[in-house]
Amino acid sequence: MFDKQVYKIRRQRLAQFVQQQGGGVVVLSTAPEVMRNRDSDYPYRWDSYFYYLTGFIEPQATLVMLVQPDGVLQDFLFCRDKNAEREIWDGFRFGPTAAQNVFLFDGAYAENELASRLPNFLMNVRQVFYPMAQSETVNNLMRQAIGDVRSKARSGINTPIVAFDLTHWLDEMRLYKDTFELTTMGRAAAISADAHVQAMRVAQPGVFEYAVEAELLYHFRKGGAQSPAYGSIVAGGANACVLHYRANDQILRDGELLLIDAGCELDGYASDITRTFPVNGRFTQAQRDCYEIVLAAQAAAIEKICPDCHFNEAHDAAVCVLAQGMLDLKLLTGTLDSVLESGAYKRFYMHRTGHWLGMDVHDCGAYRQVQDVVGDANSPWRILQSGMVLTVEPGLYIRAADDIPQHFWNIGIRIEDDAVITPQGCEILTQGVPKTVVGIEDLMRQLREAKA
Ligand code: GLY
Ligand code: MN
Ligand code: MN
């Protein structure tokens, strides 16, 4: 559902932050189109910040906001002009007049007027706000525009003297999802959960990893999602111990596990799910022992995903369960305290337990409390609050090695769900795909019976 008011309200909220800094001009461009080869480009994906403030998905667009010191906002869109010839080839474009009306801007211009008009917006303005050091295009745009203003100094025109990184405020805004965003994320999660179930249906010994990937992609798209939110990981056997495995080109073997980390992007919002299950539908004892530890680690982490917990409590809880499990399985020796202290557990669990999730799979937002003290790298972890969304994804990765019993070799397990912080605790968005040993084995049996 497209609600143009949502974007206008976000621009107005941003204007309040800009006013608190004394006002100024905001400049934010969308992402450029990128050529793949010759005249074929990569599928276009707009800039998340730009979309967050505009809802506008065409390339070659820039938002300019003027915020007076008293908070009065005027917002302008620069976008592609109407072009009958190009619209025959590439499809509809709004053009400035329609875009202004539909997306509730105070004004709109053709994007090829940006370079000449932007200096006028910046004259006698003290402060500018744009994404700092993030894009060559924006850096060049600002350098040129500010240079143009500076060249008028002899006519008594003042040039901006302060530049703020706009993403500082946008990151904070994006960290707290509104109802509109949570609804979309819930739908994205449901599509991804269904795709994982369908992947369990097709996975069996002799099938290639890419065939399972194809099933995921098919169900993402069939569910209405525009694309995967990131490159799908479909990793059989030892490949599951490669954290960012992407080749997806090996055959699935009887007796091995399959780890799938895949999620769709729907209307600009990501989902991120990992499930690990036996290719033949039944866990071996060693696989089950490892799996139960990861599942218990995830449950311990989810307990700590609630308002007033800090961001790292879930990770600490997961690490404790995983480390104790490694000791119980005799993968490590020592005491819980000693392996936590030495970090020995990192041999089998080397990543963190979650990240913010939103428009980007690894979404923006500070993980530690935002402080204005320069150079304070170790501020406390951020306190979780209602409306934040994060993943919870513990894992256990056991590579073949002489000091490891052979029945544990090449077991790689990760279980990942998406959680929204609610006033009471958290809501798991990705419940549509089972994760208990019994739930997985039952589902795979049912899917196989239905296929037979
Ligand atoms: N799929 C990327 C992640 O889980 O962080
Ligand atoms: Mn993740
Ligand atoms: Mn993931």
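First listed ligand is number 1; within each ligand, the first listed atom is number 1.
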Quick test of your reading of the model: are D3 and K8 salt-bridged, counting only N-O distances below 4.0 Å?
no
Salt bridge or not between D261 and R275? Use side-chain N to carboxylate O under 4.0 Å.
no
What protein atoms of element N, O or S are positioned under 2.8 Å from the Mn ion (ligand 2)?
D272 OD2, H355 NE2, E393 OE2, E416 OE2
Taking heavy atoms and a distance under 4.0 Å, where does V361 meet ligand 1: side chain, backbone, both or neither?
neither
shortest atom 5 (O) of ligand 1-to-protein heavy-atom contact is with H362 NE2, 2.6 Å
Is the distance between the ring centroids of Y291 and F283 under 6.0 Å?
yes
Does a side-chain N-to-carboxylate-O contact under 4.0 Å join E393 and R352?
no
What atoms of ligand 1 come closer than 4.0 angstrom to any heavy atom of E416?
4 (O)
Are the charged groups of E441 and R288 less than 4.0 angstrom apart, N to O?
yes
Report, in ascending order of atom number, the atoms of ligand 1 lying under 4.0 Å from any heavy atom of H355.
3 (C), 4 (O), 5 (O)
Should the ring pair H362 and H355 be called parallel, tilted or perpendicular, given that the plane angle runs from 0 to 90° and is split at 30 and 60?
perpendicular
Looking at K330 and D403, does any basic side-chain N land under 4.0 Å from a carboxylate oxygen?
no
Establish, yes or no, whether the cationic atom of R10 lies under 6.0 Å from the six-membered ring centre of Y52 and within 45° of the ring axis.
yes
